[in-house]
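The model shown is predicted, which means the values in this text are computed figures rather than measured ones.
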Amino acid sequence: MAELTQEDVQTILKIIDEMGDRDIHLEIGELKLHVTRGGDAARPVSLPTTPALAATPAGPGKTAAEAPRRASAEVPAGHAAVRAPTIGTFYRAASPGAQPFVKVGDRVGSEDTVCMFEVMKLFSSLKAGVAGAVAAILVENESLVEQDQPLILIKPD
């Protein structure tokens, strides 16, 4: 089993603190950790701005410095955004080859999981946060994303 240093443990605890109310899964060698924190798991946002649906994905393997600066991307009026809780990797499905959690046009409830998010092999599921229809998926699967970057737009009911 891989040995965890005190720095590793401090980093994991910091990530858990920063991610707020989410399901978090961590696997390091034989060690498996699952943390569930209650409350709202998404941060829906609705801003009166002009549409900005086009986004260039960072793509797999890019570093945070190489990822385009999109964290402040505008959300169209009348939409809510599921945003990245921190810098990490966005996944549309629970595992490679699995069906995506949602597609454009799908109806979602506020507690429905819409994607997975990974930081240092620590996985969490992100919930819609609002009931409605998926209007856009702004990033590609396995893309590196920035903190607070809009990932999915939902048109609330």
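Under the ring-ring contact (aromatic ring centres under 6.0 Å, His included) criterion, the residue pairs touching residues 108-157 are Tyr91-Phe123, with sequence neighbours excluded. Within the structure, ring-ring contact (aromatic ring centres under 6.0 Å, His included) pairs that include any residue of residues 128-148 do not occur (at least two apart or interchain). Every pair tested for ring-ring contact (aromatic ring centres under 6.0 Å, His included) that includes a residue from residues 132-157 fails, sequence neighbours excluded, so the list is empty. Pairs of residues two or more places apart, or lying in two chains, never qualify as ring-ring contact (aromatic ring centres under 6.0 Å, His included) while including a residue from residues 126-157.
Between the OG1 atom of Thr86 and the CD atom of Gln147 there is a distance of 4.5 Å, given to the nearest 0.5 Å. A distance of 5.5 Å separates CE of Met116 from OG of Ser125, quoted to the nearest 0.5 Å. In this structure, CG on Leu126 lies 6.5 Å from CG on Leu151, to the nearest 0.5 angstrom. To the nearest 0.5 Å, atoms CZ (Arg83) and CG (Asp148) are separated by 4.5 Å. For the atom pair CD of Gln149 and CZ of Phe90, the computed distance is 9.5 Å after rounding to the nearest 0.5 Å.
Nearest heavy atoms, Pro156 versus His79: CD-CA, 4.0 Å. Across all non-hydrogen atoms, the minimal contact from Val75 to Pro150 is CG2-CG, 4.3 Å. The two atoms that bring Val82 and Ala128 nearest to each other are CG2-O, 3.6 Å, heavy atoms only. Across every non-hydrogen atom of Glu111 and Lys127, the tightest pair is O-CD, 2.9 Å. Closest approach of Val145 and Val139 over heavy atoms only: CG1-CG1, 4.0 Å.
Taking Thr89 as the reference, nothing meets the side-chain hydrogen bond (donor to acceptor under 3.5 Å, both in side chains) condition, with sequence neighbours excluded.
Between Ile87 and Leu144, the closest side-chain pair of non-hydrogen atoms falls below 4.5 Å. Two residues are said to be in side-chain contact when any heavy atoms from C-beta on lie closer than 4.5 Å; Cys115 and Ile152 meet this criterion. A heavy-atom distance below 4.5 Å is not found between the side chains of Val134 and Leu153.
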N/O donor-acceptor pairs under 3.5 Å from side chains in residues 98-108, not counting sequence neighbours:
from: Asp106; atom 1: OD2; to: Lys103; atom 2: N; distance (Å): 2.8
from: Arg107; atom 1: NH2; to: Asp157; atom 2: OD1; distance (Å): 2.1
from: Arg107; atom 1: NH2; to: Asp157; atom 2: OD2; distance (Å): 3.1

